[in-house]
Amino acid sequence: MPGALFTSFALFLVSEATDKTQLLIFGLGLKFKKPWHVFSGAILAHSLIDGITMALGTYVGHVLQSIWLRYAVGLAFIGIGVHHWMEKEKEDGKEFKHRNAFVYTFGTVALAEFGDKSQLLSGLLAIRYNDFLSVFVGITLALALLTGITLTVEKHYAKRLPVPLVKKASAVLFMLFGLASILA
């Protein structure tokens, strides 16, 4: 159904353009300097989380009390923020090394998306259109476009940005998102 695909694409494009996940992806691009690993990890995580949500519909929302989900997500964001704040910079100027940028990105984005508004939006779109494939393709295309733009901007401006300051600001924003999730 073209309407489901187009609507899913458009809604996700607008919803995710200013979402915390794009900030996270920007930070991971700075950290790893491996855009294809970050891109593929992010897209797979988004696709998996949103796909599961679409397949389950609203089941999780009825089973889990939203207050516990809100606390878990909020504490996870605070933990990510604290981790990024405490992370030591390499004095030799070498890029951040992790065994696998794809795995790190996948795990971080999957955690960030759990309980996010886009996860809820994907479930609602699947219910509304009753067309898993069209909604899934629309969502995935929007996320791929935004992630590509984010990583392209990061690559272009990374040399001009004070990376330690950006990382600290990112850490503070994650902690604030966490607090906002808990207090909302």
Side-chain angles (χ1 to χ4, degrees), residues 1-29 32 34-81 83 98-151 174 177-178 180-182 184:
M1 172 184 292
L5 192 144
F6 177 76
T7 301
S8 300
F9 177 83
L11 284 175
F12 257 73
L13 201 61
V14 171
S15 173
E16 283 290 314
T18 58
D19 193 61
K20 71 191 173 311
T21 308
Q22 295 308 310
L23 176 63
L24 173 63
I25 291 167
F26 185 87
L28 291 170
F32 286 110
K34 294 182 176 184
W36 285 109
H37 293 220
V38 173
F39 179 85
S40 57
I43 296 304
L44 183 61
H46 263 296
S47 298
L48 180 66
I49 296 298
D50 291 328
I52 289 170
T53 301
M54 290 165 50
L56 296 176
T58 58
Y59 177 74
V60 172
H62 293 295
V63 173
L64 295 177
Q65 292 182 357
S66 64
I67 192 165
W68 294 112
L69 182 61
R70 192 173 74 215
Y71 286 143
V73 170
L75 290 173
F77 274 116
I78 292 170
I80 290 169
H83 172 69
H98 188 273
R99 293 178 193 248
N100 194 321
F102 171 83
V103 171
Y104 188 92
T105 299
F106 175 83
T108 306
V109 171
L111 177 63
E113 283 304 299
F114 187 74
D116 189 57
K117 70 180 185 302
S118 62
Q119 183 187 22
L120 300 174
L121 179 59
S122 65
L124 292 173
L125 287 167
I127 292 167
R128 163 67 175 87
Y129 286 104
N130 196 22
D131 185 355
F132 179 90
L133 186 59
S134 294
V135 172
F136 185 77
V137 169
I139 288 169
T140 303
L141 289 173
L143 294 170
L145 176 63
L146 285 171
T147 301
I149 290 170
T150 298
L151 291 171
F174 274 103
F177 283 132
S181 295
I182 290 171

Restricting to non-hydrogen atoms, name the atom on [X] and the atom on [Y] that form the minimum distance, rounded to 0.1 Å.
| X | Y | value |
| --- | --- | --- |
| Ala101 | Phe32 | CB-CD2, 3.4 Å |
| Thr105 | Val38 | CG2-O, 3.3 Å |
| Ala4 | Ser134 | CB-CB, 3.8 Å |

Rounded to the nearest 0.5 Å, what separation is found between the [atom1] atom of [X] and the [atom2] atom of [Y]?
| X | Y | atom1 | atom2 | result |
| --- | --- | --- | --- | --- |
| Leu151 | His37 | CG | NE2 | 12.0 Å |
| Thr147 | Phe26 | OG1 | CZ | 13.5 Å |
| Leu143 | Gln22 | CG | CD | 7.5 Å |
| Leu146 | Glu16 | CG | CD | 7.0 Å |
| Leu24 | Leu111 | CG | CG | 9.0 Å |
| Ile49 | Leu44 | CD1 | CG | 9.5 Å |

_Let's go through Phe9 and Leu145 carefully: what are the C-alpha distance in whole Å and the side-chain angles of both, what is the deciding distance for side-chain contact (heavy atoms from CB on, under 4.5 Å) to 0.1 Å, and is it a yes or a no?_
CA-CA 10 Å; Phe9 177 83; Leu145 176 63; 4.0 Å; yes
_Testing Val137, Val135, Leu141 one by one against Ile139 for a side chain to side chain contact (heavy atoms under 4.5 Å, CB included), which residue passes?_
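Looking at Val137, Val135, Leu141, the match for Ile139 under the side chain to side chain contact (heavy atoms under 4.5 Å, CB included) is Val135.
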*Can you say whether the rings of Trp36 and Phe39 are parallel (under 30°), tilted (30 to 60°) or perpendicular (over 60°)?*
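Rings of Trp36 and Phe39: perpendicular, over 60°.
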*Passes side-chain contact (heavy atoms from CB on, under 4.5 Å), Ser122 versus Phe12? Steps please.*
CA-CA 8 Å; Ser122 65; Phe12 257 73; 3.9 Å; yes
*asked:* The test is side-chain contact (heavy atoms from CB on, under 4.5 Å); show your working for Thr21 and His46 and say whether it passes.
replied: CA-CA 10 Å; Thr21 308; His46 263 296; 3.4 Å; yes
